[in-house]
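So the structure is just underneath, and the comments pick up after that.
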Amino acid sequence: MKRELNGRVIRSGRASGDALVSTEPISFYGGVDLDTGRVVERGHPLEGELLAGRVLVIPRGKGSTVGSWAILRLQRRGLGPAAILCERCETIVAVGTILAEIPCVDGIRPGDMETGERVLVDGPLVVLGAGEGRGA
Amino acid sequence: MHLSEAQRAVLEGDSGAAAAKAMEILVALGDVFDAPELLPVSSVQVAGVSYSNLGDEGLAYLEELAVDGRAVVPATLNPAGMDLRSPERMGLEESFVRLQRRVIRAYGRLGIAAACTCTPYMAGNMPAPGDTLAWSESSAVTYANSVLGARTNREGGPSALASALTGYTPAYGLHLDLARHPRIRFRVDAHPGGARDWGLLGMLVGQASEGQVPLLEVAGARPDLESLKALCAALPTYGGSPLFHLVGVTPEASRYPAPREVEIIDEALLEGAREQTAEPAPAGAPDLVCLGCPHATLAEVRAAAEQLRGHRVAVDTWICTSRPVKALADELGLTETIESSGALLLCDTCFVVAPLKGRYRYLVTDSAKGRYYASGHGAMDVTLLDASDCLQVAILGRLP
């Protein structure tokens, strides 16, 4: 069954991808390798995962505010996530997604979906199970 | 967040693409932090200058903004990855120098002065008490809030830049009285002696206060400019708030109710911190001595010149300062005295932001903040000593 969630738009846009869900905050500066877009923070639940093209679902960003630049750099290298959904957005992710022009919605919890679920983000709307073409 | 008609017009592109992007950032931050409105700022200080952090993509973004973006309030930059006038003395790669210059040129086109310093208040960007600012560099933010009585959040580079291009910042956090109340109280029953000690005090308070705004009482203390600068640098570096209330110094220290419970920092605690940070590295002699984190004052430059006069340094020695202080040092002959010893008096940069990783192994410095970044990010061993002991190490080539 398709499900719809409503959040608050931080950076408006439309994107879809498979969900990559973390219950832990993520540091884009230092925690993600800028040459591969892979999460490299030791012991992080997403360690080893690639961000490219996926809908990243996190509680919030963490670490240095240089992380905003890191989000821009990942996006311009084609290594950035398709969209970022946050439980409680903060400066790093809000500014980074605007710089990078990546859709970003706030008020969506990691518990709302699982890694691998198909997600469509459209403005404040987050549609789960989208693009499977059946809707049963 | 409420926007005036003029602010909404900027958001919709009436003042150009760069200003619209800047306004989009400020509106998003305002919404994230439930700010009711935007406040006009009187000055901006922008971090995110070193090419190492921006990369080609960040540089391209700045060059795109510079097509039609212009600062509408006075704005200066944080230190860059090199001395802009004599980068060759720092032994940097030619490509880095070229790209760092392009970053500075892009900021220049945006109307942001290449006064690259963490001490803007000594370099022509000096707020008045009560001013609303959008500053980035944590030691400068803390100095503005806690010593000067101005108000600023600790901005990221892009959000400070957005304030420069629009003249506004969202009304949240340290712009509001509520967030400026002290929540934890310390009494210092010790005698911090100089800048190194005040830095250590900042370290102890930062570590113990978990981000809460501290109220500090240091009986009988009259910290000088250098000591306050060191305290403001160390406190937020070690996890503290970018605002503290130091009784007798902070203009608004007595304006809010004091927490009832008092944490005591006594001489034994301070001495323990001195001993622990002054430990020599397990092996080898220092290969870098640095003063000027945050950027050295004229008094610090003068003291260094007096001590180095007639000596030669045996290890690479950097004294980092702002360009206006360097101009005074040039005029007074201090630069010549320092550089005759083989030490460098560098501007626009510092050992925290310069791309030094892997080049040096063991740093001796008087800065508690510098110690944190050099040992973490820079992967160096660090020994923390008074400035005069640091220069003694530079001359001897080893710890005394």
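Proteins get letters first, then strands, A, B, ... in listed order; numbering begins at 1 in each. What you see is a predicted model, and the numbers here were worked out from it, not measured in a lab.
- Within a 6.0 Å sphere centred on CZ of A:Arg88, heavy atoms belonging to other residues, nucleotides or ligands number more than 12.
- A:Arg76 places no side-chain N or O within donor-acceptor distance of the main-chain N or O of B:Gly58, the cut-off being under 3.5 Å.
- Surrounding CD of A:Glu47 are more than 12 heavy atoms belonging to other residues, nucleotides or ligands, all under 6.0 Å away.
- Looking at B:Leu54, both its backbone and its side chain come within 4.5 Å of chain A, counting heavy atoms on both sides.
- Other residues, nucleotides and ligands contribute more than 12 heavy atoms inside 6.0 Å of the CZ atom of A:Arg8.
- Between chain A and the residues B:Val27, B:Leu26, B:Leu29, the most heavy-atom pairs under 4.5 angstrom are made by B:Leu29.
- Proximity to chain A is absent for every atom of B:Ala162, based on heavy atoms less than 4.5 angstrom apart.
- Expressed to the nearest 0.5 Å, how far CD of A:Glu101 lies from CD of B:Glu24 amounts to 7.5 Å.
- When the candidates A:Ile10, A:Thr91, A:Thr65, A:Val9 are compared by the number of heavy-atom contacts under 4.5 Å with chain B, A:Thr91 comes out ahead.
- When heavy atoms are compared at a cutoff of 4.5 Å, B:Leu62 approaches chain A solely by way of its side chain, counted from C-beta outward.
- In this structure, B:Glu210 places its CD atom where only 12 or fewer heavy-atom neighbours from other residues, nucleotides or ligands lie under 6.0 Å away.
- Heavy-atom minimum distance, A:Cys89 versus B:Val32: O-CG1, 3.2 Å.
- Between chain B and the residues A:Leu99, A:Leu72, A:Val95, the largest count of heavy-atom pairs under 4.5 Å involves A:Leu99.
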